[in-house]
Protein chains: 2
Amino acid sequence: MRPTVHDIAAEAGVSLATVDRVLNDRPGVRGVTKAKVEAAIASLGYVRDVAAANLAKSRVYPLVFILPEGDNPFMRGLEAEVRRTGLHSAIERTRLSVVTVPAFDAAALAAAMDAAIAEGVSGIAAVAVDAPEVFAAIDRAREAGVPVVTLVSDLSGSGRDHFIGVDNIAAGRTAGSLMGRFLGNRPGPVAVLAGSMRVRDHGERLEGFLAAMSAMPNTRAILPVLEGQDDPDLSFKLIANCLAAVPDLAGIYNLGAGNRGLLKALAAHGTDLCVIVHELTGETRGALESGVIDAVLNQDAGHEVRSAIRVLRAKADGLSVNAAQERIRLDIFIKDNLPPAGPDEE
Amino acid sequence: MRPTVHDIAAEAGVSLATVDRVLNDRPGVRGVTKAKVEAAIASLGYVRDVAAANLAKSRVYPLVFILPEGDNPFMRGLEAEVRRTGLHSAIERTRLSVVTVPAFDAAALAAAMDAAIAEGVSGIAAVAVDAPEVFAAIDRAREAGVPVVTLVSDLSGSGRDHFIGVDNIAAGRTAGSLMGRFLGNRPGPVAVLAGSMRVRDHGERLEGFLAAMSAMPNTRAILPVLEGQDDPDLSFKLIANCLAAVPDLAGIYNLGAGNRGLLKALAAHGTDLCVIVHELTGETRGALESGVIDAVLNQDAGHEVRSAIRVLRAKADGLSVNAAQERIRLDIFIKDNLPPAGPDEE
DNA sequence: GAATTTTTGATGTACGTAAATCAGAAATTT
DNA sequence: AAATTTCTGATTTACGTACATCAAAAATTC
């Protein structure tokens with residue numbers, strides 16, 4: 001049986017009220033007495049029963065997810081995952097809400113964060129935009145005692161409590177390594193399609209990709225990066241032009257979100273290219289199964305949402321987080337280890 | 001504010017006691033009344049507050065993990081993970097214990113299960129051995145109302161409530177696909193090292209591997225399976241002999257646990273072979289980083305333990321499980337996406 | 001040493017549910 | 001219609017913690 005506050009009171013030879021004062025940092029306890037109580041806590045190995053405490057406080061945890069607007073399939077999947085999780089998490093005294101803001105709009109993100117703080121949420125998860133306004137908003141959250149985690153795109157150097165997402169440099173390296181090995185000694189250059197180089201994730205992925213490709217035994221030309229702005233039509237045009245202009249093209253790495261345009265261009269082409277992309281969706285899954293795509297790198301939206309909730313709740317309670325458990329892994333999917341289709345793949 | 005039992009009583013026009021009888025399936029409620037209460041539950045969207053319920057029941061969940069003895073690194077990692085998790089999970093009213101039994105000993109496993117049932121545990125997680133005794137023991141657990149999940153090695157067709165582990169056929173296929181693609185058009189046969197073909201996992205991995213290899217564009221000879229009994233010395237001898245006898249060997253797939261012997265033989269050889277193995281440990285991590293091993297397929301022990309706990313608790317409470325969340329993924333590691341070393345890698 | 005302040009104890013209520021008891025009402029049987 | 005059985009209500013205690021109040025004790029100040 002785990003010790004309770006009563007056991008501590010008995011062990012320390014004080015009253016329950018005093019134990020309560022020590023446990024909850026209430027004033028009116030002499031240093032000597034406080035030390036006695038703390039010794040009893042330590043010797044009995046007391047751990048507060050969070051469930052009972054929350055019940056007594058009738059505490060709920062309103063958490064806000066701030067996500068970019070637009071038709072980025074990954075973000076929409078993330079949103080769907082939050083909503084789905086929200087249905088089941090009332091049980092755990094958590095109330096989730098989603099706010100969307102224009103993509104890459106630092107001012108809007110900062111405003112949304114301030115609104116959440118004003119509403120008195122107990123935690124914020126946001127896809128960070130790299131701008132001073134956002135740093136400042138995070139600092140304000142910190143002052144207000146509201147924990148903040150960055151989602152998918154980090155903001156290291158800011159006051160954020162935790163980052164939930166993959167290591168994008170490693171993701172790029174992984175793509176480069178697979179591309180190099182899959183191509184072997186087959187000649188021909190490789191094209192890279194990105195959304196925009198102004199986004200930190202994309203920059204990091206490219207960096208890793210180039211590093212891994214240049215470490216391969218046989219050197220291979222990498223064409224200048226195509227920036228498709230994650231727009232299907234523009235991506236289609238860029239890739240179609242590239243396929244026409246570079247007949248000996250050996251592979252394509254899409255490190256951004258615009259897979260739809262890429263796949264459309266490949267369909268018109270008839271492909272024996274090595275194609276590696278990010279994010280497992282219904283479309284990329286189909287292309288993987290049919291052999292158009294060779295590998296998909298993925299971060300699991302469900303895991304990210306659940307991890308964000310666990311971390312924010314732990315931070316709100318002042319508890320520590322299990323770093324190993326909260327690490328988001330980079331999944332490599334080839335057609336042989338595809339998981340059964342989930343509900344969030346369109 | 002979420003509705004409580006009091007709200008339901010008011011809504012249904014019955015007393016609190018009656019609501020309690022309906023909620024907990026206690027006898028003494030007429031069909032009409034029961035229907036009224038259930039209607040109220042549905043219309044108010046009542047969900048039982050599990051935390052409060054557990055508090056009231058002062059319920060704890062004693063769970064048993066039954067694992068094979070021996071120096072199988074993966075099993076020992078699993079055990080360490082259970083112990084580590086056990087330290088933190090007292091908070092969640094779960095009490096974990098580990099029982100080890102001789103590997104592949106069906107009678108011992110069945111006896112351990114019966115002992116756990118007799119002790120009144122509220123859930124059993126076991127690495128299943130494929131034998132009638134075990135089927136019978138699972139049935140006895142079922143009759144006693146004790147949920148059972150199989151861990152790592154499944155026993156489909158039995159009464160087990162859930163399987164926690166990877167799809168081993170898909171794992172074999174993945175290994176085969178990677179092997180084929182990494183080798184490209186390089187000639188030479190491939191060797192397969194297993195522990196024992198009498199273990200179901202190993203059989204399934206081989207099956208998947210052979211299927212994927214034969215689906216590759218260029219055919220390639222697969223040497224007869226070497227059975228190293230997961231023993232370092234025997235594995236070393238088998239691989240050393242093979243390397244000597246087959247000078248043009250192109251690759252090795254170890255689908256079992258005996259990586260130590262394999263690595264020792266490779267170290268003495270100086271390798272440009274394509275090597276794919278299972279289970280990320282300190283040794284395989286090092287070999288991956290140094291380039292001796294090309295890919296490691298892994299199932300995360302921490303995830304499996306946490307998943308087993310969640311599933312057993314849900315089953316014990318008669319709740320449903322989130323299948324997508326509980327699916328154990330097959331991780332593909334190459335040197336570029338290695339996670340930081342965890343505590344369970346020796 | 002008296003007056004004051006600070007510290008401590010005792011006690012009660014609340015959170016949402018479980019579980020038990022006993023009395024009374026309703027339904028069923030005789 | 002009476003006796004019996006089956007349901008239902010009212011009430012209480014408990015789980016472990018939070019939080020408030022008031023009185024009593026101890027320490028401090030004057």
Side-chain angles (χ1 to χ4, degrees), chain A residues 1-41 44-61 90-95 122 316-319, chain B residues 1-41 44-61 90-95 122 316-319:
Chain A
M1 213 71 279
R2 287 172 52 196
T4 72
V5 279
H6 296 85
D7 301 324
I8 297 180
E11 173 82 9
V14 301
S15 78
L16 236 153
T18 302
V19 174
D20 180 66
R21 288 176 186 120
V22 173
L23 278 176
N24 296 290
D25 262 325
R26 276 185 254 280
V29 183
R30 252 190 319 166
V32 223
T33 318
K34 190 172 177 184
K36 268 200 302 190
V37 174
E38 278 164 353
I41 290 176
L44 293 183
Y46 168 81
V47 195
R48 187 197 304 255
D49 185 326
V50 186
N54 284 341
L55 180 61
K57 280 191 287 202
S58 55
R59 160 154 209 181
V60 289
Y61 297 79
I91 306 167
E92 294 129 8
R93 319 191 84 76
T94 307
R95 200 160 36 219
S122 49
D317 285 336
L319 303 175
Chain B
M1 213 74 273
R2 285 173 52 196
T4 73
V5 279
H6 296 85
D7 301 324
I8 297 180
E11 172 83 8
V14 301
S15 79
L16 235 154
T18 302
V19 174
D20 181 65
R21 287 176 187 122
V22 173
L23 278 176
N24 296 291
D25 264 324
R26 276 185 253 281
V29 184
R30 247 187 322 160
V32 222
T33 317
K34 191 171 177 187
K36 267 201 301 189
V37 174
E38 279 163 351
I41 291 177
L44 293 183
Y46 169 81
V47 195
R48 180 199 248 111
D49 184 327
V50 187
N54 285 340
L55 179 61
K57 279 190 284 202
S58 56
R59 162 154 208 183
V60 289
Y61 297 78
I91 306 166
E92 293 130 9
R93 319 192 86 78
T94 307
R95 200 159 38 219
S122 49
D317 285 336
L319 303 175

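Here the structure is a predicted model, which is why all the values come from computation and not from measurement. In what follows, chains are A, B, ... by sequence order, proteins preceding strands, each numbered from 1.
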Inset, instruction - Taking all non-hydrogen atoms of both residues into account, name the closest pair between A/R93 and A/N54 and its distance. - result: CD-CB, 3.9 Å
Legend entry - Strand DNA chain C in bracket notation, Watson-Crick/G-U under 3.5 Å with | for pairs to another chain: |||||||||||||||||||||||.|||.||
Inset, instruction - Give a yes or no on whether the backbone of B/V47 and the side-chain of B/R2 come within a donor-acceptor separation of less than 3.5 Å. - result: yes
Does [X] have any side-chain hydrogen bond (donor to acceptor under 3.5 Å, both in side chains) partners at least two apart in sequence or in another chain, and if so, which?
X     : value
A/R26 : A/D20
B/Y46 : none
B/S15 : B/T18

Legend entry - Separation of atom NZ in B/K34 from atom P in C/dA26, rounded to whole Å: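 About 22 Å, once rounded to whole Å.
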Inset, instruction - Could you state the atom-to-atom distance from CD1 of A/I8 to C1' of C/dG9 in whole Å? - result: 17 Å
Inset, instruction - Give one of base, sugar-phosphate or nothing for A/G13, where a contact means two heavy atoms less than 4.0 Å apart. - result: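 A/G13: backbone/sugar contact only, no base atoms under 4.0 Å.
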Inset, instruction - For B/L44, check side chain to side chain contact (heavy atoms under 4.5 Å, CB included) against everything at least two apart and list the hits. - result: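 B/P3, B/D7, B/I8, B/E11.
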Inset, instruction - For residues B/K36 and B/V29, determine if any side-chain heavy atom of one lies less than 4.5 Å from a side-chain heavy atom of the other. - result: no
Distances for protein N/O vs nucleotides 14-21 of chain C N/O pairs under 3.5 angstrom?
{"from": "C/dC15", "atom 1": "O2", "to": "A/L55", "atom 2": "O", "distance (Å)": "3.4"}
{"from": "C/dC15", "atom 1": "O2", "to": "A/A56", "atom 2": "N", "distance (Å)": "3.1"}
{"from": "C/dG16", "atom 1": "N2", "to": "B/A52", "atom 2": "O", "distance (Å)": "3.3"}
{"from": "C/dT17", "atom 1": "OP1", "to": "B/Y46", "atom 2": "OH", "distance (Å)": "2.7"}
{"from": "C/dT17", "atom 1": "OP1", "to": "B/D49", "atom 2": "N", "distance (Å)": "3.4"}
{"from": "C/dT17", "atom 1": "OP2", "to": "B/V5", "atom 2": "N", "distance (Å)": "2.8"}
{"from": "C/dA18", "atom 1": "OP1", "to": "B/N24", "atom 2": "OD1", "distance (Å)": "3.4"}
{"from": "C/dA18", "atom 1": "OP1", "to": "B/R48", "atom 2": "NE", "distance (Å)": "2.6"}
{"from": "C/dA18", "atom 1": "OP1", "to": "B/R48", "atom 2": "NH2", "distance (Å)": "3.1"}
{"from": "C/dA18", "atom 1": "OP2", "to": "B/N24", "atom 2": "ND2", "distance (Å)": "3.3"}
{"from": "C/dA19", "atom 1": "OP2", "to": "B/R26", "atom 2": "NH1", "distance (Å)": "3.1"}
{"from": "C/dA19", "atom 1": "OP2", "to": "B/R26", "atom 2": "NH2", "distance (Å)": "3.4"}

Inset, instruction - Kindly say if B/T18 contacts the phosphate of D/dG9, meaning a side-chain N or O under 4.0 Å from OP1 or OP2. - result: yes
Legend entry - Trace of the side-chain contact (heavy atoms from CB on, under 4.5 Å) decision for A/I41 with A/L23: CA-CA 9 Å; A/I41 290 176; A/L23 278 176; 3.8 Å; yes
